[in-house]
Amino acid sequence: EAASFGEEIDDPTVGLKAWTVCLRCGAIAPREEPRLCGCPPGTAHATLHEVEEAPNERRRRQRCVCCGARNPNGTVFRMLTGRDAPVSVLATSLYQTLPPAPDAEEGTSGQGRKLLSFADSRQDAAFFAPYLEHTYGRILERRMLMGALDADGNARSGCLRLDDLAPRLLSRAEEAGLFGPRASYDERHRTVRTWLMRELVSTAYRIGPEGLGLLHFRPVRPPRYAPPAVLLEPPWNLSPEEAWTVLQVLLDTLRRQGAVTFPEGVEPLDDAFKPRNVAVYVGEVANPNERVLGWMPKRGSNGRLSYLVRLLVAAGLAEPAARDEAERALQALWPYLVAPRSPWRAYVEPANLRRAGTCYRLRHELWEWVPVETTGLPVYRCDGCGNVIYSSLRGICPTYNCRGTLRLLGDAEAEWRDNHYRHLYRALAPVGLAAEEHTAQWRPDKAGKVQDRFVRGEVNVLSCSTTFELGVDVGTLQAVLMRN
């Protein structure tokens with residue numbers, strides 16, 4: 001959404017005809033009609049907005065009418081289903097069933113396991129190798145992280161931070177043989193810190209441990225913490241713990257938007273952090289050109305203001321008055337966080353940017369990594385957007401402009417128990433995987449080197465086209481996956 005990069009958002013739905021669609025039977029009707037369909041009361045509905053088709057290619061709609069996101073190439077796309085994702089799921093499951101080779105040498109990928117994937121299309125084979133290696137690698141990182149958290153008594157208390165977790169994660173990765181003999185001491189330490197930072201600022205929230213009820217990031221409470229007075233006064237009238245919940249939500253919006261410092265040796269510009277491999281900051285107002293988020297908007301709205309407004313509306317205030325009070329609270333909270341004598345001042349790192357002045361980032365060292373299941377944290381899920389949250393105040397979802405309600409989830413929820421990624425983060429065998437393509441685009445000398453690496457075990461998954469129908473010797477092989 002546009003709020004992710006600090007842009008102020010005007011209401012993009014003004015002037016657009018609204019339709020309501022039933023998510024059970026598919027009936028659709030103008031929103032003003034009193035009855036949509038015959039489904040039971042309480043059935044979920046969604047609102048759609050009718051958008052005029054662009055009269056020509058040069059006038060593509062460049063702005064989303066829901067979240068305000070802008071894209072010069074347009075925000076309306078054909079819905080295409082790729083073929084790599086389902087095949088990757090099957091390949092991961094098949095690979096996990098393969099036994100290690102009894103004669104595998106130390107340092108070989110996957111303890112000698114070998115898998116061959118066939119595709120009729122050279123393009124499919126070429127794309128699948130890096131896709132499988134990337135997605136499997138991310139799952140493996142998260143499995144190692146959850147294993148480190150579950151196995152450590154201090155982690156189960158929810159008090160470990162990134163610098164505490166790094167050596168524990170490194171130890172588990174080394175025990176699993178995930179680093180080759182060429183990986184130096186510094187490289188290994190840098191790698192596990194990169195894994196941890198990718199989780200702390202992940203853009204894949206919904207399919208990560210945080211979005212699946214396994215991991216919660218919690219800001220460390222300052223020693224001299226006192227709740228902000230503005231949240232204790234009318235019209236907020238919050239208790240100290242409720243004020244702490246609001247602060248956690250507001251700070252968490254900045255973390256999820258990437259306004260966080262990075263450990264020494266880990267650079268936000270690294271390709272590992274794509275698609276948001278940039279340094280992000282926060283200022284009192286936004287400067288999108290410098291990747292500076294706005295704590296509060298100059299016009300329109302942003303995620304923080306939207307959340308506060310909905311809290312007050314839920315308490316009974318009319319929306320115009322709620323907006324005024326929410327803006328006043330945001331204005332008061334900014335100096336509360338960054339003033340020189342604030343107890344939060346040590347939690348934010350200042351930086352002087354040439355065109356934006358003094359801006360800040362949250363310190364990565366001051367977030368606790370809390371394993372949800374072992375600490376017994378409650379898990380809430382929004383019945384509107386589906387996002388998972390770990391604290392609830394008045395049932396308001398922190399997602400920008402979401403009108404859903406947070407509902408407490410239990411372990412017996414079917415979608416919880418059967419989620420594919422959640423299962424892998426809990427049960428995946430810690431086995432490395434190195435994939436390479438073998439297609440007709442390689443010159444004979446390059447193809448020969450790939451084959452040789454596969455035979456020696458440096459690469460243990462080959463994604464091939466019809467080139468392997470020519471009688472290529474690949475040595476020991478345990479399984480073949482046919483894509484077509």
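Values below: every heavy atom of this structure, side chains too, minus hydrogens, waters and symmetry copies.
Remark: side-chain polar atoms of Ser184 are paired, donor with acceptor, to backbone N or O of Glu187 under 3.5 angstrom. In this structure, the side chain of Arg381 does not engage the main chain of Arg407 through any donor-acceptor pair within 3.5 Å. Under the 3.5 Å distance criterion, the side-chain polar atoms of Lys114 are matched with a main-chain donor or acceptor of Phe454. Checking side-chain atoms of Trp442 against main-chain N and O of Glu437 turns up a donor-acceptor pair under 3.5 Å. A distance-only check finds a donor-acceptor pair linking the side chain of Asn302 to the backbone of Gly294 [under 3.5 Å]. In this structure, the side chain of Arg422 does not engage the main chain of Leu214 through any donor-acceptor pair within 3.5 Å.
Checked for salt-bridge contact, Glu365 and Arg161 miss the test: no charged N lies under 4.0 Å from a carboxylate O. Between Arg190 and Glu264 there is no salt bridge, since none of the side-chain N atoms of the basic residue sits less than 4.0 Å from a carboxylate O of the acidic one. Taking a cutoff of 4.0 Å between a charged side-chain nitrogen and a carboxylate oxygen, Arg255 and Asp252 qualify as a salt bridge.
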Practice problem: Starting from the C-alpha separation in whole Å, work towards a yes-or-no answer on salt bridge (charged side-chain N to carboxylate O under 4.0 Å, His left out) for Glu290 and Arg354. | Solution: CA-CA 9 Å; Glu290 293 290 310; Arg354 185 167 56 90; 5.7 Å; no
Quiz prompt | Test side-chain hydrogen bond (donor to acceptor under 3.5 Å, both in side chains) applied to His216 and Glu210, step by step | solution = CA-CA 6 Å; His216 173 47; Glu210 186 182 10; 5.4 Å; no
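No cation-pi contact links Arg218 to Trp367, judged by a cut-off of 6.0 Å to the six-membered ring centre and 45° from its axis. For the pair Arg291 and Tyr281, the cation does not sit on the ring face, since its NZ or CZ is not both under 6.0 Å from the ring centre and inside 45° of the axis. Annotation: cation-pi pair Arg221/Trp244 present, NZ/CZ under 6.0 Å from the ring centroid and within 45° of its normal.
Annotation: Phe217 is not in aromatic contact with Tyr390 [ring centroid separation under 6.0 Å not met]. Proximity of the aromatic rings of Tyr307 and Tyr400 is defined here by a centroid distance below 6.0 angstrom, and this criterion is not met.
Note: Tyr347 and Trp344 have perpendicular aromatic rings, judged against thresholds of 30 and 60 degrees for the angle between ring planes.
With 3.5 Å as the limit, one finds a donor-acceptor pair spanning the side chains of Asn352 and Thr358. There is no side-chain donor-acceptor pair under 3.5 Å between Tyr425 and Glu141. A donor and an acceptor atom, one from each side chain of Thr253 and Arg304, are located under 3.5 Å apart.
Residues meeting the salt bridge (charged side-chain N to carboxylate O under 4.0 Å, His left out) test with Arg394, sequence neighbours left out: none.
Heavy-atom neighbours of Phe179 CZ from other residues, nucleotides or ligands within 6.0 Å: above the threshold of 12.
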